[in-house]
Asker: 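Below you will find the structure I want to go over with you.
Atom set for the values below is all heavy atoms of this structure, side chains included, hydrogens, waters and symmetry mates excluded. These numbers were taken from a predicted model, which means no experiment stands behind them.
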Amino acid sequence: MKGTERSRSAGHTPDPDLSPAQRQAAEHKDGPMLVLAGPGSGKTAVITRRTRNLIERFGVNPGRILVITFTRAAAEEMKERFLILTGEENTAVSFGTFHAVYFKILKYAYQYSAANIISEEERQQVLRDIISGLKLEIEDEKEFLAGIASEISLVKGERMDVEHYYSINCADQIFRQIYQEYDGRLRRLGKIDFDDMLILCYELLTARPDILRLWQQKYTYILIDEFQDINRIQYDIIRMLASPEDNLFIVGDDDQSIYRFRGARPEIMLNFEKDYPKAKRVVLDRNYRSCGQIVRAAGKLIKNNRKRFPKEIHAVRGEGGSVDIRGFATFAEQNQAVVNELMQYRKKGIPYREMAVLFRTNLQPRALASKLMEYNIPFCMKDAVPNLYDHWIAGNIRAYMQIAKGARDRALFFQIANRPKRYLSREAFQDPVVRFDCLRDWYADKDWMLERIDKLEYDIRMLETMNPYAAIQYIRQGIGYDSYLEEYAKYRRMKPQELFDLVGELAESAKEYRTYDEWFAHMEEYKAELAEQARLRRQREYDGVALATMHSVKGLEYRVVFIVDANEEITPHHKAAMEEELEEERRLFYVAMTRAKDRLFILYSKERYNKELAASRYIGEILLDPDELTVGREVMHVRFGSGKVIQRKKDTVTIRFRGIPLPKTFHVEFCVQQRLLTVVPEGDQTTS
């Protein structure tokens, strides 16, 4: 084999389409290699060409090469790109996801089939049955189930002892009950979930060295894309499979690790060279996607993360482009500005599908979607956006309004009877149609309950003549619904502000409608639009503006990108408190910025739902790179005007301002966060 490899290498000519760094990675043969691939750096080209080189240049049997990606679509795309590159119709190279590869191992060992894998629908039903059996008072069942499923996955992926895990969705003991019952149900059904695949594979390869040896001989070269998204158990299995030759070729970008909530651990990539001291490192530092200003602004942001590989990314396309940061008095003004810009770029000939508006969460797009509908601007939601009006809180608000309009259905009263707590028993509502005098008869011997029923009837009458916006404010404050939300948030281990923001969003939506019927009609129209969006998501060539979360656009690119709601508590998200969480939020913002090819807008508002908001700290980090505050550099201060840096220490900077006798010293981090200073570009500096 070695003689063959030498003879094939002798006539090798370097690939002219690759940069020096890409070529170095693509021509690597034996031993571990870490390829740091920045945004738009051509990592797919490196993986496919390295795979081809292993076969054509080094004579490796294609059946012994394994290429792993994180999604089935990515695996199919990688295989397709490889076949186009080689001009073949098929290949023995294995392209697949972690789960596909590990299930293949289990299938040979245990004769598993697809029937053994629990479907997502079955899994949800099992969890729903367990929660029902525990008689938990959960209003947001769908959200709660998703959170619990994610936590179960995290516990399994990290191989934790559930007794030492602290839940973020419910009381720890309740989570342990759910976890153990779920695990037991799966065993009784003879089913496994996707996380079990990893655990069973790990246990099999650990207990059976003979089986491990067979798979090590099967896959002698392993290539992994998007390595920054790997979790602990996936990595532990891969290390076993790659041993003893350790021909492990990993490609990824620690700055784009954004799936910690799914168990991804960027520290695995950061520690790769400790696990493999002989590993070679290549940095793909050329960005072929974005213009220079966008690349530089993103670099200023991400360098504020401490736990990362330091790297300088350069734009191949040259300067061009722009980064436009704007603040608005209100949330509504921000959305109007987005609409205006979209229409202007469309007039300039840019198709709508080449533009994207990015949000931190999938609850944010509703107001902008309504505004786009108003202006007949086509759009396509990349995420399955939950309908705000289907939320249980919206259901409660709507029930109050329907009762105020004269409805007396028992089902409506069940929605509002104890929101807030009135201690009304379900048994008190004996008839399908509710009458207040019947309720009073039921509680005739309890004066305190009669007072509560009188107050409820009074509140309903007060709501009769109100417009939707005024009614929501009355329900929240006059009736006490906010107090109920606060209690519920405590029960669910949530921040009350999450629920208050949702009611605020409902109130904002209701502002422009005079009657309940008008608002209800809008709800139906919006529901129909979401159904249409679900259909359009399946059409690739639809010419509509992309509305997407920052998570869902990873790997995508657009000519014009708007990052909206760039405010504290939104991005970074209010749930991010620890340093590692804030660093992940910064990586997410970095991913959003680097989707833009030509123009990037970062927008924030100073008020939302009658609440003052601060601009995101990330805006300050983009505007001011602390490393630029060097002695002699000219700066602008928001209060003191122009000046020159005369001293720089680690955490402070001293500046002499024009017209001010004594120099002033500032804390650098405070200047960044409060956006007090900007650096004058070197070309614009005066000679004085």
Asker: May I ask you to say whether Arg435 pairs ionically with Asp441, meaning some side-chain N is under 4.0 Å from a carboxylate O?
Answerer: no
Asker: Where do Glu487 and Lys421 land on the salt bridge (charged side-chain N to carboxylate O under 4.0 Å, His left out) test, with the steps shown first?
Answerer: CA-CA 10 Å; Glu487 286 178 26; Lys421 253 321 186 218; over 6 Å; no
Asker: Can you check salt bridge (charged side-chain N to carboxylate O under 4.0 Å, His left out) on Glu181 and Arg185, steps first, answer last?
Answerer: CA-CA 6 Å; Glu181 179 61 25; Arg185 291 259 189 117; 2.9 Å; yes
Asker: Do Arg493 side-chain atoms and Ile168 backbone N/O form a donor-acceptor pair below 3.5 Å?
Answerer: no
Asker: Distance check, rounded to the nearest 0.5 Å: Asn467 atom CG versus Arg514 atom CZ?
Answerer: 10.5 Å
Asker: Check the pair Glu583, Arg586 against salt bridge (charged side-chain N to carboxylate O under 4.0 Å, His left out), reporting the backbone distance first and the verdict last.
Answerer: CA-CA 5 Å; Glu583 292 215 346; Arg586 189 176 285 109; 5.0 Å; no
Asker: Quick one: does NZ or CZ of Arg461 land under 6.0 Å from the six-membered ring centre of Tyr458, within 45 degrees of the ring axis?
Answerer: no
Asker: Is there a donor-acceptor pair under 3.5 Å between the side chain of Arg422 and the backbone N or O of Arg452?
Answerer: no
Asker: Roughly how far, to the nearest 0.5 Å, is CD of Gln473 from CG of Asp482?
Answerer: 9.0 Å
Asker: Would you say Asp431's side chain and Val433's backbone share a donor-acceptor pair under 3.5 angstrom?
Answerer: no
Asker: Mind running side-chain hydrogen bond (donor to acceptor under 3.5 Å, both in side chains) on Arg353 and Tyr558 for me, showing each step along the way?
Answerer: CA-CA 8 Å; Arg353 64 175 172 272; Tyr558 302 90; over 6 Å; no
Asker: How close do Ser150 and Phe261 get, counting heavy atoms only, and between which atoms?
Answerer: OG-O, 3.5 Å
Asker: Would you confirm whether Glu581, through its side chain, and Ala577, through its main-chain N or O, come within 3.5 Å as a donor-acceptor pair?
Answerer: yes
Asker: On a heavy-atom basis, which atom in Thr97 and which in Thr71 lie closest, and how many Å separate them?
Answerer: CG2-C, 3.3 Å
Asker: Is it the case that His551 and Tyr259 place a side-chain donor and acceptor less than 3.5 Å from each other?
Answerer: no
Asker: Is the Phe520 ring parallel, tilted or perpendicular to the Tyr516 ring (thresholds 30°, 60°)?
Answerer: parallel
Asker: How long is the gap from CE on Met355 to CD on Glu341, to the nearest 0.5 Å?
Answerer: 10.0 Å
Asker: Counting distance only, does the side-chain N/O of Asp193 pair as donor-acceptor with the main-chain N or O of Ile117 below 3.5 Å?
Answerer: no
Asker: Answer yes or no for Arg476 and Tyr481: cation-pi contact, defined as NZ/CZ to six-membered ring centre under 6.0 Å and angle to ring axis within 45°.
Answerer: no
Asker: Any chance the side chains of Tyr604 and Arg326 put a donor and an acceptor closer than 3.5 Å?
Answerer: no
Asker: Mark yes when over 12 heavy atoms from residues, nucleotides or ligands other than Tyr491 sit less than 6.0 Å from its OH; otherwise mark no.
Answerer: yes
Asker: With distance as the sole test, does Arg595 use its side chain to make a donor-acceptor pair with the main-chain N or O of Leu556 at under 3.5 Å?
Answerer: yes
Asker: Can you tell me if Arg187 has over 12 outside heavy atoms packed within less than 6.0 Å of its CZ?
Answerer: no
Asker: Does a side-chain heavy-atom distance below 4.5 Å link Gln430 with Trp442?
Answerer: yes
Asker: May I ask you to decide if Pro572's main-chain N or O and Arg360's side chain share a donor-acceptor pair within less than 3.5 Å?
Answerer: no
Asker: Can you confirm whether the side chains of Gln344 and Asn340 place a donor and an acceptor under 3.5 Å from each other?
Answerer: no
Asker: Could you give me the CA-CA distance, side-chain angles and deciding distance for Ile377 and Met343, then say whether side chain to side chain contact (heavy atoms under 4.5 Å, CB included) is met?
Answerer: CA-CA 8 Å; Ile377 296 175; Met343 291 191 295; 3.7 Å; yes
Asker: State, to 0.1 Å, how close Gly480 and Pro420 come at their nearest heavy-atom pair, and which atoms those are.
Answerer: O-CB, 3.6 Å
Asker: Salt bridge or not between Arg260 and Asp229? Use side-chain N to carboxylate O under 4.0 Å.
Answerer: no
Asker: For the side-chain hydrogen bond (donor to acceptor under 3.5 Å, both in side chains) test, which of Asp196, Asn231, Asp195 pairs with Lys156?
Answerer: Asp196
Asker: Is Lys606 close to Phe328 at the side-chain level, that is, under 4.5 Å between some pair of heavy atoms?
Answerer: no
Asker: I'd like to know if Arg608 pairs up with Glu508 as an ion pair, taking the criterion as any Lys NZ or Arg NE/NH1/NH2 lying under 4.0 Å from an Asp or Glu carboxylate oxygen.
Answerer: no
Asker: Under 3.5 Å, is there a donor-acceptor pair between the Glu163 and Gln180 side chains?
Answerer: yes
Asker: Quick test of your reading of the model: are Lys611 and Glu607 salt-bridged, counting only N-O distances below 4.0 Å?
Answerer: no
Asker: Can you check whether Asp409 reaches Val434 side chain to side chain, under 4.5 Å on heavy atoms?
Answerer: no
Asker: Do you know the tightest heavy-atom contact between Ala149 and Arg123?
Answerer: O-NH2, 3.5 Å
Asker: Tell me yes or no: between the side chains of Ser509 and Tyr526, is some donor less than 3.5 Å from an acceptor?
Answerer: no
Asker: Report the C-alpha distance between Ser132 and Asp129 in whole Å, list the side-chain angles of each, state the deciding distance to 0.1 Å, and finish with yes or no for side chain to side chain contact (heavy atoms under 4.5 Å, CB included).
Answerer: CA-CA 5 Å; Ser132 175; Asp129 291 345; 5.6 Å; no
Asker: Go through Arg440 and Asp454 one step at a time and tell me if the salt bridge (charged side-chain N to carboxylate O under 4.0 Å, His left out) criterion holds.
Answerer: CA-CA 9 Å; Arg440 289 190 184 90; Asp454 288 344; 2.9 Å; yes
Asker: Indicate whether any N or O donor in one side chain lies under 3.5 Å from an N or O acceptor in the other, for Gln334 and Asp565.
Answerer: yes
Asker: Might you confirm whether atom CD of Glu612 has over 12 heavy atoms from other residues, nucleotides or ligands at distances under 6.0 Å?
Answerer: no
Asker: Below 4.5 Å, heavy atoms only, C-beta onward: do Asp517 and Lys405 meet side chain to side chain?
Answerer: yes
Asker: Give a yes-or-no answer on whether the side chains of Ser167 and Glu151 include a donor-acceptor pair shorter than 3.5 Å.
Answerer: yes
Asker: Between Phe414 and Phe429, does the ring centre distance come in under 6.0 Å?
Answerer: yes
Asker: Can you check whether Arg492 reaches Asp140 side chain to side chain, under 4.5 Å on heavy atoms?
Answerer: yes
Asker: Counting N and O atoms only, with roles assigned by atom type, does the side chain of Glu584 sit under 3.5 Å from a partner on the main chain of Glu580, one being a donor and the other an acceptor?
Answerer: no
Asker: Do Met593 and Ile602 have side chains that get closer than 4.5 Å, going by heavy atoms?
Answerer: yes
Asker: Apply ring-ring contact (aromatic ring centres under 6.0 Å, His included) to the pair Phe98 and Phe70, showing each step before the final yes or no.
Answerer: CA-CA 7 Å; Phe98 281 104; Phe70 276 81; 5.0 Å; yes
Asker: Under a 3.5 Å threshold, yes or no: a donor from one side chain and an acceptor from the other, between Glu120 and Gln124?
Answerer: yes
Asker: Assign the ring pair Phe103 / Tyr112 to parallel, tilted or perpendicular, where the plane angle (0 to 90°) is split at 30° and 60°.
Answerer: parallel
Asker: Main chain of Ile479, side chain of Asp459: is a donor-acceptor contact present, judged purely on distance under 3.5 Å?
Answerer: no
Asker: When you check the side-chain N and O atoms of Ser119 and Glu122, is any donor under 3.5 Å from an acceptor?
Answerer: yes
Asker: Taking the side chain as every heavy atom from C-beta outward, state whether Val155 and Phe175 have any pair of such atoms under 4.5 Å apart.
Answerer: yes
Asker: Measure the shortest side-chain to side-chain distance between Ile563 and Phe359 over non-hydrogen atoms and say whether it is less than 4.5 angstrom.
Answerer: no
Asker: Donor-acceptor pair, distance only, cut-off 3.5 Å: does the side chain of Gln402 make one with the backbone of Leu412?
Answerer: no
